[in-house]
Amino acid sequence: MPKLSDPVIIRGKKIKNRIVMPPMVCFSFKGDHGGMYGEQHVDHYTRRARGGAGLIIVQSTPVLGAVEQLGVWSSGQGEPLEAIARNCHGYGSVAMVQLSCGNVDINELAVEQIHRMQADCIAAAASAKQAGFDGVEYHFAHGFTLCKFLDPEFNKRADSYGGALQNRVRVITEIIPQIRGAVGEGFIISVRMGGNIPDVAGAAEVAKALEKAGIDLLHISFGMNMPANAVPAGFNGSAIAYNGSEVKKQVHIPVIGVGEITTAEQAKFLIENGCLDLVAVGRGMLADEKWANEVLADEPVNQCRHCGDNSRGCLWFDDHTQCPAS
Ligand SMILES: Cc1cc2nc3c(=O)[nH]c(=O)nc-3n(C[C@H](O)[C@H](O)[C@H](O)COP(=O)(O)O)c2cc1C
Ligand code: SF4
């Protein structure tokens, strides 16, 4: 079985260890020159790369405007993203960016609007590649727009984007060839999705369909809601991580798991028992930028205090300067 320090190669990109920084919006950071991103973001991600994360997935970034190269996708705003990718590479981390489609009711969308969104998804991947990133992660989790397509309990569309499994995944599966055409062979196309849409069996079916369509990597979090299923005795992890491990059994592509992974012991359990291929450490890495290097060196980490009942209680959602750990 692999070790936490073992590399994994995806689409020719060598991820030097199994530790991932998952996407986390830095709500209280300021962009430069009125843009979305700036020096604060560059510094934040550079520190986590220096801290040893094998893979860094930059926060949820809207695809909106990508076709016209507006907003974050305009050449005027590209520099911070380019600097993040460059600096991550400088410290040996693979760098991806999470792409999202906002939070609209998909049952109300006209087909033209879906096609428009898909065009932005393709264009954003091409721009991310141009900025120097190694891959993109489409945000199909946490109840946002793309997540709603996947969930049979939410998706009530009566057309080719709702109903049967192949329809619910169509929003992404039908554009994979175009995304691949735009980014080339050596670029990671990933999906972050729930391991409970609406349950783990449903998630596994979606995961298999995505794999078949040509996705390179899966990141299993939660879907429309936090999972309510139990974790069997002996599994050293959260329900979200457990569902990730169950989905992993059904696919052949690498799976990232996440959710309350805070200690070296947990991370090692999940990797060394083959439950997951990579582990994402969110708040742990907000609280301690050197989390990865310290865990790999068997040194103590600066523990996240787990403010609130779950990750939504994290003070980084409001004002990172209030975080008691960093
Ligand atoms: C401040 C903050 C911002 C987040 N932003 C995103 C995001 O942009 N996209 C996403 O998919 N998840 C986001 N998440 C969820 C994290 O990626 C992660 O799944 C969650 O924090 C659970 O992992 P943890 O227990 O290691 O913190 C965010 C979490 C936090 C705390
Ligand atoms: S604000 Fe609280 S939950 Fe968030 S990283 Fe800091 S200590 Fe952890």
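Atoms within a ligand are numbered from 1 in the order they appear, just like the ligands themselves.
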So the protein N/O/S atoms within less than 2.8 Å of atom 6 (Fe) of ligand 2 come down to C323 SG
| field | Distance-only donor-acceptor check, side chains H139 and S60, under 3.5 Å | value | no
Salt-bridge criterion met for R157 and D159 (N-O under 4.0 Å) | yes
salt_bridge(R48, D43) N-O dist < 4.0 Å: no
Looking only at protein heavy atoms, which one is nearest to [atom], and how far off is it?
atom                    : value
atom 17 (O) of ligand 1 : P23 O, 2.8 Å
atom 2 (C) of ligand 1  : F317 CZ, 3.5 Å
atom 21 (O) of ligand 1 : S311 CB, 3.5 Å
atom 1 (C) of ligand 1  : W316 CB, 3.6 Å
atom 23 (O) of ligand 1 : V258 CG2, 3.5 Å
atom 4 (C) of ligand 1  : M24 CA, 3.3 Å
atom 5 (N) of ligand 1  : V25 N, 3.0 Å

How are the rings of [X] and [Y] set to each other: parallel, tilted or perpendicular (split at 30° and 60°)?
X    : Y    : answer
F27  : F317 : tilted
F222 : H142 : parallel
Y37  : H41  : perpendicular

Taking 4.0 angstrom as the limit and counting only heavy atoms of [X], give me the atoms of ligand 1 inside it, by number and element.
X    : answer
R283 : 24 (P), 25 (O), 26 (O), 27 (O), 31 (C)
P22  : 17 (O)
C314 : 31 (C)

### Message
Atom CD of residue position E265 - does it have more than 12 heavy atoms of other residues, nucleotides or ligands inside 6.0 Å?
### Response
no
- Message: Around atom CG of D105, are there more than 12 heavy atoms from other residues, nucleotides or ligands closer than 6.0 Å?
- Response: yes
Partner of L64 under side chain to side chain contact (heavy atoms under 4.5 Å, CB included), picked from V72, L70, D120, is D120
At under 4.0 Å between heavy atoms, what of R312 touches ligand 1? The answer is neither
Note: heavy atom closest to atom 18 (C) of ligand 1, options H306, E260, Q98, R192, belongs to R192
query = Under a heavy-atom criterion of less than 4.0 Å, does G259 contact ligand 1?
reply = yes
Here the salt bridge (charged side-chain N to carboxylate O under 4.0 Å, His left out) pairs for residues 125-153, sequence neighbours left out, are K13-D134
Requested in this report: Would you sort out whether I19 and L55 count as a side chain to side chain contact (heavy atoms under 4.5 Å, CB included), showing the intermediate values?
Outcome: CA-CA 7 Å; I19 303 172; L55 169 61; over 6 Å; no
Minimal heavy-atom distance between A209 and V169, with the atoms involved, is CB-CG2, 4.2 Å
| said: Walk me through whether F154 and F149 qualify under ring pair (Phe, Tyr, Trp, His ring centres under 6.0 Å). | reply: CA-CA 7 Å; F154 187 91; F149 279 98; 9.4 Å; no
G282 N/O under 3.5 Å from ligand 1 N/O:
yes
